[in-house]
**Student:** 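Take a look at this one; I'll ask things after.
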There are 2 protein chains.
Amino acid sequence: MTENDPSRRQQILDAALKVFSHKGFASATIKDIAKEAGLKSPALIYWYFPNKQELLVSILMELVPILQQVATSPQTLMEQPPEETLMMLAQSFMKVFGTPLGGQMLRIFLSDIGHAPELEERVAGVQKMMLTFFSAYLQRQIDLGRLRPCDTQSAARIFIGSLLAYVMSSEVFHWLREGLADPQIYARQAVETFLEGMRVRSDE
Amino acid sequence: MTENDPSRRQQILDAALKVFSHKGFASATIKDIAKEAGLKSPALIYWYFPNKQELLVSILMELVPILQQVATSPQTLMEQPPEETLMMLAQSFMKVFGTPLGGQMLRIFLSDIGHAPELEERVAGVQKMMLTFFSAYLQRQIDLGRLRPCDTQSAARIFIGSLLAYVMSSEVFHWLREGLADPQIYARQAVETFLEGMRVRSDE
DNA sequence: TCCTCTTGATTGAACGTTCAATCAAGAGTA
DNA sequence: TACTCTTGATTGAACGTTCAATCAAGAGGA
């Protein structure tokens with residue numbers, strides 16, 4: 001049993017997260033990370049991690065539970081009416097990706113997931129599952145007559161996309177932050193717009 | 001043989017686009033690009049370009065006219081009712097970013113714009129301008145009583161985001177392509193949903 | 001037709017640097 | 001002593017870039 005100091009390990013991971021999100025995986029050097037972590041020698045990193053890629057993998061590993069956290073207790077959400085479920089979903093989304101941590105994660109994910117192929121598969125699986133779940137939920141609500149019939153695959157992406165735009169504006173295209181509303185306000189408006197847009201039309 | 005290629009420059013750029021979009025700027029090597037372009041020596045690239053970064057800059061330079069192409073004749077669009085303008089906008093967006101070229105561009109932009117700081121500024125300017133224009137348009141339509149009052153900055157991002165989700169699904173998270181609707185169909189649904197969601201509410 | 005000179009394009013070899021990874025030697029502790 | 005952690009020095013490979021040499025093709029005389 002090798003008893004690696006867990007705090008030192010985390011310290012290195014925190015530094016790596018920061019450096020990766022700023023320079024990208026390929027441009028970030030072990031030296032950069034060591035300096036950011038306040039280590040006197042880059043060699044120490046190799047006591048806790050076998051190589052540079054494992055740093056990336058360890059960071060992105062946390063993305064799976066984070067993503068799943070967005071869809072808390074899907075069973076419960078599945079039964080609620082759209083007003084409740086969509087708002088819950090939007091708020092989870094904002095809570096997770098609205099933080100600096102979430103933003104850094106997203107940036108690393110967008111830029112460097114290709115450098116961790118085995119994780120790409122995992123995360124892809126989670127994403128697909130979530131989208132499928134959400135589509136199924138929308139279909140259910142349509143069947144119940146609570147939403148108007150349409151292609152649920154598209155509808156799911158439209159809703160998620162409207163939320164994604166907020167995170168992209170605040171964390172990726174940081175020059176679009178100007179004039180950006182509060183995450184809560186934005187989430188409410190996104191939900192409201194989508195919900196109204198999906199209402200069954202009594203007229204015509 | 002050796003038909004005095006004046007298109008050699010473009011041939012190199014095409015190869016660079018492909019390699020950059022696949023491996024990212026930092027991980028792509030001059031050798032990779034030379035091989036992709038069918039050159040016998042990487043040195044030849046330096047006859048046409050001063051350095052590796054200039055390849056990236058030359059590629060991303062094309063992004064400015066491409067982006068502006070999305071907002072064709074803003075004056076005309078500005079005057080039309082939402083049904084027309086939003087549909088035009090959505091279709092331009094899809095036309096530009098729905099192609100493989102647009103997808104590759106987007107991926108390079110997302111991953112590697114940081115490696116071309118002088119361009120980041122340019123593109124940021126264009127993006128901001130487009131968002132501002134669109135917000136102003138929405139405000140105008142609200143004032144005209146054609147859309148319900150709301151925060152137009154958020155509304156603009158919500159609409160663009162719903163379109164962005166399509167491109168992200170098809171070109172970035174390629175594992176989400178499955179079940180993806182036709183771009184035309186998707187655009188129509190996105191516009192319809194947003195439009196209905198922004199309608200003035202006569203009831204209540 | 002033959003020869004010379006010029007120009008743009010192309011090549012393989014090499015240079016200097018960077019970087020991930022390794023190593024051997026310790027420091028601190030139990 | 002034995003084990004965990006830490007360090008500066010070192011290694012070997014890969015990379016961007018440079019460079020002298022070469023090639024192919026044309027221009028202009030004689």
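Here is the naming used below: chain letters follow the sequence lines, and residue numbers restart at 1 for every chain. All values reported here derive from a predicted model rather than from experimental measurement.
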**Student:** Would you kindly give the OH-to-C1' distance between B/Y46 and C/dG8, to the nearest whole Å?
**Tutor:**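 Going from B/Y46 (OH) to C/dG8 (C1'), I get 20 Å.
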**Student:** Check whether NZ of the Lys or CZ of the Arg B/K52 lies under 6.0 Å from the centre of the six-membered ring of B/F25 and within 45 degrees of that ring's axis.
**Tutor:** yes
**Student:** Closest to the B/Y48 side chain: C/dA9, D/dT7, C/dT11?
**Tutor:** C/dA9
**Student:** Using the C1' atoms of the five pairs at each end, what is the angle between the end axes of the helix from C/dT1-D/dA30 to C/dA30-D/dT1, to 10°?
**Tutor:** 10°
**Student:** Could you check how far CG of A/L55 sits from C1' of C/dA20, rounded to whole Å?
**Tutor:** 11 Å
**Student:** For the side chain of B/A43, counting heavy atoms from C-beta on, which of D/dG8, C/dA21, D/dT18 is nearest?
**Tutor:** D/dT18
**Student:** Could you state the CD1-P distance from B/I45 to C/dT11, rounded to the nearest angstrom?
**Tutor:**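 In whole Å, C/dT11 P lies 11 Å from B/I45 CD1.
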**Student:** Using a 4.0 Å heavy-atom cut-off across all strands, classify B/L44 as base, sugar-phosphate, or nothing.
**Tutor:** base
**Student:** Contact class for B/T29 vs. all strands (heavy atom < 4.0 Å): base, sugar-phosphate, or nothing?
**Tutor:**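 Touches sugar-phosphate only.
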**Student:** Quick one: label A/A28 by what it contacts on the DNA or RNA (base, sugar-phosphate, nothing), any heavy atom closer than 4.0 Å.
**Tutor:** sugar-phosphate
**Student:** To the side chain of A/W47, which of D/dT4, C/dA20, D/dG8 is closest?
**Tutor:**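 Nearest to the side chain of A/W47 among the choices is D/dT4.
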**Student:** Quick check for you: among C/dA20, C/dA9, D/dT4, whose closest atom lies nearest to any side-chain atom of A/I30?
**Tutor:** C/dA20
